[in-house]
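Worksheet for the structure shown next.
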Amino acid sequence: RRSNPPEINLTALIDVVFLLLIFFMVSTTFKEDARISLQLPEAQGDGESVEQVESVTIVIDRAGTFYVDDRQVVDTDVDTLKTAIAGAAGGETDIPVILKADARTPHQSVITAMDAASRLGLVRFSFAASRPDAGQ
């Protein structure tokens, strides 16, 4: 008498795989759901007087509009911003860049300004902040 060869029942295995797949799909965190709301801090340090050094000042308002040395940049394109920074720097690469951004400025706008300045060889950055008791 011959016995039947052993057989693996794949139906149960496929059910388990599909249940795991559904579990991981439901428990995955998507990028849009992972937003964090934060409020940027203010600086509490002592105000030090620094001797006036020639620098390029980039101001970014709440809407992401750029101002280079108090002149508004036409648009938010990196090449336009590079041209404005190059004009203000006068071809020098060792002068500092002061970034003054509103607390609610999009982070991408600050990165765009830093990228445009670094493409021109300007690598000395400082960020301006205000003390809470000094007012804005």
Side-chain angles (χ1 to χ4, degrees):
R1 211 174 143 193
R2 290 179 136 186
S3 63
N4 291 335
E7 222 175 89
I8 298 176
N9 187 0
L10 292 179
T11 307
L13 184 63
I14 292 172
D15 289 343
V16 170
V17 170
F18 279 127
L19 284 174
L20 286 172
L21 181 66
I22 291 171
F23 171 76
F24 287 121
M25 286 175 42
V26 170
S27 65
T28 302
T29 304
F30 294 102
K31 188 175 184 178
E32 290 80 25
D33 296 335
R35 293 186 182 151
I36 298 174
S37 175
L38 65 106
Q39 183 176 358
L40 297 175
E42 297 174 338
Q44 299 277 342
D46 294 332
E48 295 182 15
S49 62
V50 179
E51 57 184 72
Q52 294 294 332
V53 179
E54 183 179 335
S55 64
V56 175
T57 304
I58 302 173
V59 178
I60 309 168
D61 68 4
R62 189 177 295 203
T65 306
F66 298 104
Y67 299 87
V68 177
D69 286 343
D70 297 328
R71 292 186 181 146
Q72 183 176 356
V73 179
V74 177
D75 58 11
T76 59
D77 187 39
V78 177
D79 294 327
T80 308
L81 185 59
K82 275 176 49 178
T83 304
I85 295 172
E92 295 184 32
T93 59
D94 60 340
I95 62 174
V97 176
I98 301 172
L99 288 170
K100 294 181 180 181
D102 187 270
R104 290 180 178 84
T105 298
H107 186 68
Q108 181 61 50
S109 298
V110 177
I111 297 299
T112 301
M114 291 177 66
D115 183 41
S118 65
R119 286 184 187 182
L120 293 170
L122 300 169
V123 293
R124 295 175 51 199
F125 293 99
S126 61
F127 296 91
S130 61
R131 292 186 302 193
D133 58 342
Q136 294 186 24

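Numbers here simply count residues along the sequence, with the first being 1.
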Measure the spacing between [atom1] of [X] and [atom2] of [Y] and express it to the nearest 0.5 Å.
X    : Y    : atom1 : atom2 : value
T11  : N9   : OG1   : CG    : 4.5 Å
R124 : I98  : CZ    : CD1   : 10.0 Å
D115 : I111 : CG    : CD1   : 8.5 Å
F18  : L13  : CZ    : CG    : 10.5 Å

Could you report the tightest heavy-atom contact between [X] and [Y], atom names first, then the distance?
X    : Y   : result
S109 : G64 : OG-CA, 3.7 Å
P96  : E54 : CD-O, 3.4 Å
S55  : D69 : O-OD1, 4.1 Å

Exercise for the section: Please indicate whether D79 has more than 12 foreign heavy atoms, meaning atoms of other residues, nucleotides or ligands, lying under 6.0 Å from its CG. Expected result: yes
Practice task
Verify the neighbour count for atom NZ of K100: are there more than 12 heavy atoms of other residues, nucleotides or ligands below 6.0 Å?
Solution key: no
Practice task
Considering only Ile, Leu, Val, Met, Phe, Trp and Tyr, and joining two whenever side-chain heavy atoms are under 4.5 Å apart, list the other residues clustered with V110.
Solution key: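 Joined to V110, directly or through intermediates: V56, I58, I60, F66, V68, V73, L81, I85, I95, V97, L99, M114, L120, L122, F125, F127.
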Practice task
Could you identify which residues cluster with V123, counting Ile, Leu, Val, Met, Phe, Trp and Tyr as linked when any side-chain heavy atoms lie under 4.5 Å apart, either directly or through a chain of such contacts?
Solution key: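 Members besides V123: none; it forms no cluster.
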Practice task
For T65 and D61, indicate whether the former's side chain and the latter's backbone hold a donor-acceptor pair under 3.5 Å.
Solution key: no
Exercise for the section: Say whether, by atom type as modelled, one donor and one acceptor occur between the side chain of T80 and the main chain of T76 under 3.5 angstrom. Expected result: no
Problem - Derivation and outcome, side chain to side chain contact (heavy atoms under 4.5 Å, CB included), residues D94 and E92 - result: CA-CA 6 Å; D94 60 340; E92 295 184 32; 3.6 Å; yes
